[in-house]
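Computed from a prediction, not measured in an experiment: that's the story for all the values here. Quick note: residue numbers are just sequence positions, from 1.
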Amino acid sequence: MKLETQVAVIGAGHAGIEAALASARMGVDTVLFTTNLDAVGNMPCNPSIGGSAKGHLIFEIDALGGEMGYAADLATVQSRTLNLGKGAAVHSKRVQADRVEYKKIMKKTIESEPKLRLIQAEIVKITYDTTDGIKRVTGVVTHLGEIWSAPRVIIATGTFLDSKIFVGDKVYSSGPDGLMPASRSLTDSLIELGVEIQRFKTGTPARVHRRSVDFTNLELQEGEENPIPYSVRTEKRPVSEVNLVPCHVVYTNKCTHDVILSNLNRSAMYSGNITGEGPRYCPSIETKLVRFADKERHQLFIEPCGLDTEELYIQGFSTSMPTDVQYEMLHSLAGFENAEIMRYAYAIEYDCADPTGMYPTLEFKCAKGLYGAGQFNGTSGYEEAAAQGLVAGINAALAEKGEEAMILPRSSSYIGTLIDDLVTKGAREPYRVMTSRSEYRLLLRQDNADLRLTDIGHRVGLIEDERYAEFCKKREMIEAEILRLEKTVVPPSSENNKYLSSLGSSEISTGIKLSELLRRPELSYKALAQLDFGRPSLPSAVIRTAEVQVKYEGYIKRELAEVQRQKKLEDKKIPSDIDYREIIGLKQESAEKLAKIRPVSIGQASRISGVNPADISVLLIYLGH
C-alpha cells in the first residue's frame with residue numbers, strides 16, 4: 001500500500017491541531033498523527049484559555065482563520081476580562097474551559113475536515129535525502145514500520161520528547177497527564193537532521209476533589225456581565241450560559257511556607273534530579289518562595305476543570321514535592337484542611353528545539369520542508385502553541401502550493417512578536433508571551449485583531465468570502481464613525497455645560513468636536529450620548545474600536561510612525577548565502593551570531609542580542625543600502 005500525503009503533522013495538541021486544520025483548509029492533503037486519539041486537544045495543565053497577552057493571541061488566531069477561539073467559546077464555563085482598570089492595550093480576555101468538552105469539540109472538528117486524516121500512530125523517524133548538500137524531508141516512519149511519503153513535516157510534539165515525570169525522588173518516563181508514553185525515538189532522528197536540541201522543564205499543581213474543600217472563607221470570583229466571544233463565528237450566548245461556575249481565591253500563609261521551605265531538599269527542582277530550564281513567569285511554588293523570600297503570601301486561584309467533573313485546579317501551586325508533602329502543603333491552606341488529592345502535582349522535563357534554528361516561517365534552516373511549532377519550539381502555554389501551529393500550517397501549505405510564505409512582522413500582531421522573539425533571540429527558558437514584549441502595544445489590541453489580520457487570513461484561504469464581506473462592512477462602519485466623530489460639533493450651551501460639569505469635565509465656550517471631547521480622560525463614548533443627537537445605531541464591536549482609535553489617536557500615530565521607521569529596516573533584505581566572516585569591520589562575535597541565526601532582514605539583525613548599532617552600520621555599508 002502506498003502511503004503518502006502532502007503535509008504530515010506530528011502531535012495533536014494545540015499546535016498540531018491548528019497546523020493540520022490550516023493546511024487542510026487551504027486545500028492541501030494533510031495527515032495528523034497522534035499516539036492516542038483520546039487525547040486530541042488535551043489540556044494537561046490549567047483549565048483556562050487566554051489571559052494577559054494570551055487572550056490577544058486567541059483573537060489573532062481567529063482573525064487569521066484558526067480554530068482555538070471558536071472551540072474555547074463553545075467550551076466556556078466562565079469568562080472574565082483582565083486589566084479593565086488599565087488602558088485598552090492590556091485588556092485581555094480569559095475563560096475557564098470545560099476540558100472534556102474542549103477535547104470533544106476539537107476532535108469532532110478534525111474528523112469533519114475533508115482533506116484531513118487523523119491517525120493514531122507514534123512517529124519514530126523523519127526520512128530525508130540530501131542533494132547538493134541540502135537536506136530535504138521526504139516523509140515519516142511510524143512505530144509500526146509504515147513509511148509515509150510527505151515533502152512537508154510539522155513537529156508539534158509538545159512536551160513528549162524523551163519526557164520524564166518528577167514527583168519528589170520518583171522519576172519515570174511519561175508524557176503529561178499520564179495519558180500517553182514519552183516519545184523516545186524521534187529526538188535522535190531530529191539530531192541527525194541537524195536540529196539543535198535543548199532540555200526544558202515545566203510543571204503542574206495537584207487537582208483536588210470539590211467535596212473536600214470548604215469554600216466559606218475563600219474569595220468568590222464571578223464571571224463578567226457582558227462577555228465578548230473570542231470568535232466572530234460564535235453567536236453571542238446569554239451570560240447565564242457562559243458564566244456557569246464560579247472561581248475562588250485563596251492565599252498561602254506562614255504555615256504553608258514553613259512546610260515548603262523545610263522540605264525544599266525533597267523537591268525534584270532542588271534535589272538536582274532536574275537539569276532542564278523551568279519557566280520564569282510561571283514557576284513552581286518552591287521557586288516563588290526562594291525567589292520572593294520577602295513575600296508573606298502568594299495568591300492561588302481555585303478553578304473548576306469542567307461541568308461533569310469534581311476536579312479543582314489550584315492555579316499558582318505547581319510543585320514537584322513528594323506526595324506526603326503535597327498533602328501537608330494543601331492542608332495548610334484555609335478551606336483545604338481536609339483536601340483530597342485526585343491527581344498529584346508533578347514536574348515534567350522534555351526535549352525541545354532551539355528556535356533560532358528556524359526562519360520566521362517556522363521552517364528549519366537545516367532541513368527543507370521541516371517545520372516546528374508549539375512547546376517543541378521552547379514556548380509555554382496553549383495559546384502560544386496554537387499561534388505557532390497556525391503559522392507553521394499556513395506556511396507548509398503555501399510552500400506545497402508554490403506560493404509566497406507568510407511572515408508576520410512584529411508590528412502586525414503578538415503572533416509576529418512571539419515568532420520574531422523565538423527565531424531572533426531564542427528561548428533560554430519556556431517562553432511566555434506578555435504585553436510588555438511588544439513595543440507596539442497600543443496598535444496590537446484585542447478589539448482590532450480582525451482589522452490587522454483578516455485580510456491576510458482571506459488571502460491565504462482561511463477566511464471564506466462571506467465572512468470577509470461581513471468584516472469589510474464592519475471596517476467601513478468603524479471608519480465612517482471615526483469620521484463622523486471628527487466632524488460633528490457640539491455647541492456651547494448652559495445645558496451642555498451643566499452635563500459636562502456633572503461628569504467632572506470642563507465647560508466649553510465655543511463649539512467643540514465630539515472627537516476632542518472623547519479624548520478627555522473622564523469622558524467615554526457612552527457618556528457623550530446625551531450630547532450626540534445624530535448618533536447612529538452601531539454594533540458594540542464597532543463602537544469599541546472607534547472609541548479607542550479616537551481616544552488614543554496621538555499615541556497611535558506615534559507608534560505608527562515608529563512602525564514606518566522600522567519597516568525601512570525590515571525591507572532591507574539580507575541574502576541567505578552571505579558570508580559574514582568576509583565583512584571587514586564586523587566583530588567576530590557578531591559575525592558568529594549573524595551566521596547562526598541568518599536574519600532575513602536588517603531589522604531582524606538589529607534585534608539579535610550582542611549585535612550592536614555599529615555592526616548594523618557595517619552591514620548596511622557592505623550590502624550597499
Side-chain angles (χ1 to χ4, degrees), residues 126 128 130 132-137 153-155 161 187-200 276-277 351-379 388 391-392 395 405 407-410 416-431 437 566 569-570 572-623 625:
I126 298 167
Y128 66 95
T130 305
D132 299 327
I134 300 172
K135 293 177 182 175
R136 290 179 172 82
V137 166
V153 175
I154 300 172
I155 311 292
L161 288 186
T187 294
D188 291 340
S189 184
L190 291 168
I191 291 172
E192 185 181 331
L193 274 164
V195 175
E196 192 172 328
I197 297 296
Q198 50 192 7
R199 193 85 171 153
F200 277 1
E277 290 293 329
D351 289 341
C352 58
D354 177 356
T356 60
M358 295 183 293
Y359 295 111
T361 58
L362 296 183
E363 183 179 25
F364 278 94
K365 299 165 187 172
C366 62
K368 197 167 181 59
L370 181 67
Y371 298 78
Q375 286 186 271
F376 170 71
N377 285 354
T379 59
Q388 294 169 74
V391 170
N395 280 320
I407 296 178
L408 299 175
R410 295 179 68 86
T417 303
L418 159 68
I419 292 174
D420 183 70
D421 280 349
L422 289 175
V423 303
T424 304
K425 302 172 185 175
R428 295 181 180 177
E429 69 225 357
Y431 177 102
R437 293 193 188 273
Q566 188 64 27
L569 296 178
E570 302 296 338
K572 298 182 190 305
K573 301 302 180 185
I574 300 176
S576 59
D577 59 349
I578 186 172
D579 187 347
Y580 291 100
R581 294 170 300 179
E582 292 183 350
I583 303 177
I584 298 171
L586 198 61
K587 296 200 315 282
Q588 183 178 349
E589 179 191 359
S590 299
E592 289 173 358
K593 289 189 174 182
L594 288 163
K596 179 186 178 185
I597 294 175
R598 307 211 70 80
V600 296
S601 69
I602 293 293
Q604 187 188 355
S606 69
R607 294 188 292 275
I608 297 172
S609 177
V611 176
N612 60 37
D615 298 317
I616 296 301
S617 296
V618 170
L619 194 53
L620 283 168
I621 293 169
Y622 178 80
L623 294 172
H625 289 305

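- Rounding to the nearest 0.5 angstrom, the gap separating the CD1 atom in Ile126 from the CD atom in Glu192 is 10.0 Å.
- The shortest distance between side-chain heavy atoms of Leu623 and Pro575 falls below 4.5 Å.
- In the model, Asp354 has no side-chain atom that pairs as donor or acceptor with a side-chain atom of Gln198 under 3.5 Å.
- A donor-acceptor pair is defined here as one N or O able to donate and one able to accept, closer than 3.5 Å; no such pair exists between the side chain of Ser590 and the backbone of Leu586.
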Next item on the list: Show your working on side-chain contact (heavy atoms from CB on, under 4.5 Å) between Lys365 and Ser576 and close with a plain yes or no.
Entry: CA-CA 10 Å; Lys365 299 165 187 172; Ser576 59; over 6 Å; no
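- Scanning all heavy atoms of the two residues, the minimum distance from Gly372 to Ala392 falls at O-CB, 4.1 Å.
- Taken from OH in Tyr371 to CE in Met358, the straight-line distance is 12.0 Å, to the nearest 0.5 Å.
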Checklist line | Audit row: Asn395, Thr361, side chain to side chain donor-acceptor pair (under 3.5 Å) steps and yes/no | finding: CA-CA 6 Å; Asn395 280 320; Thr361 58; 4.9 Å; no
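- Among all heavy-atom pairs drawn from Phe200 and Cys352, the shortest one is CD2-SG, 3.6 Å.
- Under a cut-off of 6.0 angstrom, the local environment of NZ in Lys368 is sparse, with at most 12 non-hydrogen atoms contributed by other residues, nucleotides or ligands.
- Arg598 and Asp577 get closest at one heavy-atom pair: NH2-C, 3.8 Å.
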Next item on the list: Run the numbers on Lys593 and Glu589 for salt bridge (charged side-chain N to carboxylate O under 4.0 Å, His left out), then give the verdict.
Entry: CA-CA 6 Å; Lys593 289 189 174 182; Glu589 179 191 359; 3.6 Å; yes
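- Between Glu570 and Arg607 there is a salt bridge, since at least one side-chain N of the basic residue sits less than 4.0 Å from a carboxylate O of the acidic one.
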Next item on the list: Would you please test Leu370 and Val195 for side-chain contact (heavy atoms from CB on, under 4.5 Å) and show each step?
Entry: CA-CA 10 Å; Leu370 181 67; Val195 175; 3.9 Å; yes
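- Looking at Arg410 and Asp421, a side-chain N of the basic residue comes within less than 4.0 Å of a carboxylate O on the acidic one, giving a salt bridge.
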Checklist line | Check against side-chain contact (heavy atoms from CB on, under 4.5 Å), Leu190 and Leu161 | finding: CA-CA 11 Å; Leu190 291 168; Leu161 288 186; 4.0 Å; yes
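- Under a 3.5 Å cut-off, the side chain of Glu363 and the backbone N or O of Gly369 do form a donor-acceptor pair.
- We find the OG1-NZ distance between Thr130 and Lys135 to be 6.0 Å, quoted to the nearest 0.5 Å.
- Counting heavy atoms from C-beta on, the side chains of Val391 and Ile419 come closer than 4.5 Å.
- Between Gly374 and Thr379, the closest heavy-atom pair is O-OG1, 3.1 Å.
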Note to self: Using side-chain contact (heavy atoms from CB on, under 4.5 Å), reason through Leu422 and Gln388 one step at a time and then give a plain yes or no.
What the structure shows: CA-CA 11 Å; Leu422 289 175; Gln388 294 169 74; 3.7 Å; yes
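- Pro355 has its side chain out of reach of Lys425: every pair of non-hydrogen atoms, C-beta onward, lies at least 4.5 Å apart.
- Tyr580 and Glu592 form no side-chain donor-acceptor contact under 3.5 Å, judged by distance and modelled atom types alone.
- Counting only distance, with no hydrogens or angles, the side chain of Asp579 and the backbone of Arg581 share a donor-acceptor pair below 3.5 Å.
- Expressed to the nearest 0.5 Å, how far CD of Glu196 lies from OG1 of Thr356 amounts to 6.5 Å.
- Geometrically, Arg437 engages Tyr431 in a cation-pi contact, judged by NZ or CZ lying under 6.0 Å from the ring centre and within 45° of the ring axis.
- To the nearest 0.5 Å, the span separating CG on Asp188 from CG on Leu193 amounts to 11.5 Å.
- With contacts defined as side-chain heavy-atom distances shorter than 4.5 Å, the pair Leu620/Lys572 qualifies.
- Among all heavy-atom pairs drawn from Ser601 and Leu569, the shortest one is CB-O, 4.0 Å.
- At least one side-chain heavy atom of Tyr622 sits less than 4.5 Å from a side-chain heavy atom of Ile578.
- Each of Asp615, Leu594, Ile616 was evaluated against Ile608; a single residue qualifies, Leu594, per the side-chain contact (heavy atoms from CB on, under 4.5 Å) test.
- Using a 4.5 Å heavy-atom cutoff, the side chains of Leu619 and Ile574 are in contact.
- When all heavy atoms are compared, the tightest approach of Cys366 to Gly194 is SG-C, 3.6 Å.
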